[in-house]
Amino acid sequence: MKLTGEEFKAKLKTYRLNESEYEKICGLLGRDPQGVEWALFSALWSEHCSYKSSKVHLKNLFNKSPRVLESFGENAGVVDLGEGERVAFKIESHNHPSFIEPYQGAATGVGGILRDIFTMGARPVALADYLCFGEPKAARMTQLVDGVVRGIGGYGNCVGVPTITGQTEFHDTYNTNILVNAMAVGLFRPGDKIFLSKAKGQGNWVVYVGAKTGRDGVHGASMASESFEADSASKRPTVQIGDPFYEKLLIESCLEVMKEDLVVAIQDMGAAGLTSSSFEMASKGGVGFKIHLDQVPLRDSSMTPEDILLSESQERMLLVCEPAKFEALAAVFHRWGLDAVKIGEVTDKRTVQLIWKNETLTEIDPDLLTENAPLYQRPFKKLEPQNRVTSRAEMRVTSENVEGELKSVLSHVRGTNRDWIHRQYDSRVGASTARDCLDSVGVIRLKDSGRGLGVVLGCRPHLMRFDARVGGIDAIAYPAIELALKGFETLAVTDCLNFGNPERENVMSDFVAALEGMNAICAGIQAPIISGNVSFYNETMGKNITPTPSTGLVGLRDSVNGMPLSHFSRAGLDLFVMRLPGLVTGGVHQEVAQKKIMGMGELDPYAVCGYIGIARKLAQVSGVESTRAVGKFGLAYALARMSEQGVGARIDFDALKLIRASADGASLFEEHLYEAIFAVDPARTESFEAAFSEARAAAPKVELHRLGRTLAGRLEIGALIDCDTASLQQAYKTGWRANFESLGQ
């Protein structure tokens, strides 16, 4: 008999299910859910686990290429680098937990993404983070920035994996809902085997390994699948507590038993803990599990079966092994000081039987939970190009003092340096880092082949506020350009789709438009999206965040030697700007002036693909010493950033007039999609220009213009800017302290 009344409504609220979902559960079971079944459906049918609002759109993503070895459906995507080397990588969100408890929320975000990597059998070699905070003076913001950064550093540094790159944004739409996205990259060296989560082998044992289970994180998955109200602090018990030293032990023990071929299948106990890992492993393998919950190692003996099933305690794995190999497997984990306990076995019944002290709590087909979650076709509108104007005057911010304005944006929270953040991260542990957070691209040297593996993050939220489709294209294109400018070929993409409440039509409209843009550029450059997650319900008290599809791209080049720098290396170099005419916006400078971003023109993803190809070819030309993509705050800001080491530039004013409709102060802060600066040895200029002419045949819209020459100690742009580089760096270096006084530098 189906439940009704106030008690029923209270139960739906507790388990975060709606009435239609309850009806579907009853139809699948042929009866009302009983006991722990409520908890099982609550966890696995949550937005966080089931992707019930996004799956219909995710199916259309470009995700295939000859390099892809594993993609969606596994803990992480894997791509083949050739020469026996492969990499696993993924990015995921830990937004809600980090807002509630910033240190532990961020720390366990790092721990969780690392487990997704070494669960596949890859050794983690790099971390990266994508962070969005609110205004510095917003409530708790200093505490949130401090806690998140310390949490990332505290976990990553202790576990011994370098944080080599990152991106940090500030905007008032994140005042009450910050974003904390963590990315990890793992390496398979020649001969290493890829491990999957597909359970198999009737009679094989189901084994729990790692740390003991506690109450932290219970109902964490469903908590992450709803909007915040005023009582968000009351959800602190749903935040997990991490221990990076246990994680290090778990990494070494898991990789050791994998190397010794003692593992049949393995899965991280992440979101929804033992529930998701057991049901997903059984469902993928088409087998059944018999699980004895009373055999699970506990930190608290008073925990109930439901607590055990939903706990998201950290540093735990569920694996399947052959009975004859269990003793050897357990010996490895015990040597590392970790539990390894048989808690069940694989059966051929295609049901998961949960047993508590000899009593069967439920016996249920795992596919009912993993394959039958509701799929919602949330309403959305097809978006036309947004925020376009017909006159440049409508998107420009004029300034009488251009030099002063440049120093102002260099010290603004959205333009100032992030040294305070990345100085807390160990970027060199492991002795493989070739470029770190000081550069636009993080680079790891592959130990066996000596090649360079590039890692870069993307998504510029201000472009998502301008036009969601353009923002989606740019979330792939801009980081791919950054890779190309260092000579890397983009191989594949992972994404973390951070959006607001999917039940709101405008949110889903932006979601669909962004995916369309991402898909178009990924197909064009043949860089498949192979892993990631969707984070919906980033909404507090009815206010949604900026739609933020953050991305992580990996690229490959033949060597770490000869990569162009991101700053000017010496005086006397010829400067060029390579540009793609098409779309220009007022950009961040317009927002800082308290105006809405406006733009002229359109962005052609196919032309962007050609631009990326030329950028990569030019970056490999002998004599190219420095390269940089022109991004936020436009050309003047990019030139100032390239002057960080005391070498500036003298820009030819006639050249500037040629690449701008009018060479005035406003034009220096416009953002053109896309432009890049090249600094070239004058002895190699002729061959550089010849290489461009040859490459341009495949992308005729791309232009190359001489811009000027590098100059010791000064930045000169006609009569608009004439200042020493030291004063620019003073503005850039002191901006953090001005915005976050209590954090300092």
Side-chain angles (χ1 to χ4, degrees), residues 87-91 94 103 106-107 109-111 113-114 117-118 122-131 145-169 180-187 242 244-245 247-248 251 416-447 450-458 479 482-483 485-488 494 550-557 559-561 563-567 628 641 644-645 732-733 736 743-745:
V87 288
F89 60 96
K90 188 179 183 181
I91 188 170
H94 232 222
Y103 184 93
V110 173
I113 198 64
L114 284 172
I117 299 305
F118 69 82
R123 177 172 290 279
V125 293
L127 286 165
D129 55 74
Y130 181 96
L131 311 175
V145 172
D146 179 49
V148 165
V149 173
R150 285 192 300 107
I152 292 170
Y155 206 100
N157 296 353
C158 292
V159 82
V161 181
T163 300
I164 65 169
T165 191
Q167 183 172 330
T168 305
E169 303 285 343
V180 177
N181 297 173
M183 178 181 176
V185 181
L187 175 65
F245 299 104
E247 184 98 337
K248 176 60 174 173
I251 291 173
T416 195
N417 81 310
R418 310 294 199 244
D419 285 356
W420 181 88
I421 295 176
H422 62 73
R423 281 177 180 167
Q424 298 188 50
Y425 303 153
D426 188 336
S427 63
R428 295 284 168 169
V429 63
S432 293
T433 305
R435 294 279 178 93
D436 59 19
C437 299
L438 293 172
D439 216 298
S440 58
V441 174
V443 182
I444 291 291
R445 180 183 179 276
L446 300 173
K447 293 182 178 179
R451 294 176 296 172
L453 184 74
V455 180
V456 64
L457 301 183
E482 291 184 297
L483 282 170
L485 288 171
K486 304 306 175 188
F488 288 90
T494 181
S550 68
T551 58
L553 280 65
V554 297
L556 188 67
R557 57 170 285 153
S559 170
V560 298
N561 300 320
M563 287 185 292
L565 300 170
S566 294
H567 60 268
R628 192 178 194 95
R641 290 294 311 279
E644 287 179 10
Q645 302 299 315
Y732 183 64
K733 293 290 186 182
W736 185 267
L743 295 181
Q745 291 187 323

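All values derive from a computational prediction rather than experimental measurement.
We find the CG-CD distance between Asn417 and Glu644 to be 8.0 Å, quoted to the nearest 0.5 Å. With rounding to the nearest 0.5 angstrom, the CD1 atom of Ile444 is 9.5 Å from the CG atom of Leu187. Interatomic distance, OG of Ser440 versus CG of Leu483, reported as 8.5 Å (0.5 Å rounding). Here Leu127 contributes atom CG and Asn157 contributes atom CG; the two are 9.5 Å apart, rounded to the nearest 0.5 Å. A distance of 10.0 Å separates OG of Ser550 from CE of Met183, quoted to the nearest 0.5 Å. Note: Tyr155 OH to Tyr425 OH = 15.5 Å, rounded to the nearest 0.5 Å.
Between Arg435 and Val441, the shortest heavy-atom distance links the atoms CB-O, 3.4 Å. Nearest heavy atoms, Ile117 versus Val185: CG2-C, 4.1 Å. Annotation for Trp736 and Thr416: closest pair N-OG1, 3.4 Å, computed over non-hydrogen atoms. In plain terms, the two heavy atoms of Pro124 and Phe118 that are nearest each other are CD-CB, 4.0 Å. Shown here for Arg428 and Ala434, the closest heavy-atom pair between the two residues is NH2-O, 4.2 Å.
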Query - side chain to side chain contact (heavy atoms under 4.5 Å, CB included) between Phe488 and Glu482, intermediate numbers included - result: CA-CA 9 Å; Phe488 288 90; Glu482 291 184 297; over 6 Å; no
**Report entry** Test log, rule side chain to side chain contact (heavy atoms under 4.5 Å, CB included), inputs Trp420 and Val145
**Finding:** CA-CA 11 Å; Trp420 181 88; Val145 172; 4.0 Å; yes
Report task. List the steps, then state whether side chain to side chain contact (heavy atoms under 4.5 Å, CB included) holds for His94 with Val110. Result -> CA-CA 9 Å; His94 232 222; Val110 173; over 6 Å; no
Query raised in the report: What's the verdict on side chain to side chain contact (heavy atoms under 4.5 Å, CB included) for Ile152 and Ile421, showing C-alpha distance, side-chain angles and the deciding distance?
Result: CA-CA 10 Å; Ile152 292 170; Ile421 295 176; over 6 Å; no
Considering only distance and modelled atom types, tabulate donor-acceptor pairs under 3.5 Å from the side chains of residues 158-168, sequence neighbours left out.
| unit_1 | atom_1 | unit_2 | atom_2 | d |
| --- | --- | --- | --- | --- |
| Gln167 | NE2 | Glu169 | OE2 | 2.8 |
| Gln167 | NE2 | Cys459 | O | 2.7 |

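Side chain of Asn181 to main chain of Thr551: no donor-acceptor pair is present (N/O by atom type, distance under 3.5 Å, no hydrogens or angles). A donor-acceptor pair under 3.5 Å is absent between the side-chain atoms of Lys90 and the main chain of Leu114, judged by distance alone. A donor-acceptor pair under 3.5 Å is formed between the side chain of Arg557 and the backbone N or O of Lys486. A donor-acceptor pair is defined here as one N or O able to donate and one able to accept, closer than 3.5 Å; such a pair exists between the side chain of Thr433 and the backbone of Ser427. Without hydrogens or angle criteria, Thr494 side chain to Ile91 main chain gives a donor-acceptor distance under 3.5 Å. No donor-acceptor pair under 3.5 Å is formed between the side chain of Arg445 and the backbone N or O of Ser432. Arg641 contributes no side-chain N or O that, together with a main-chain N or O of Arg628, makes up a donor-acceptor pair within less than 3.5 Å.
Listed by chain and number, the residues in a salt bridge (Lys or Arg N to Asp or Glu O under 4.0 Å) with Asp146 are Arg150 (sequence neighbours excluded).
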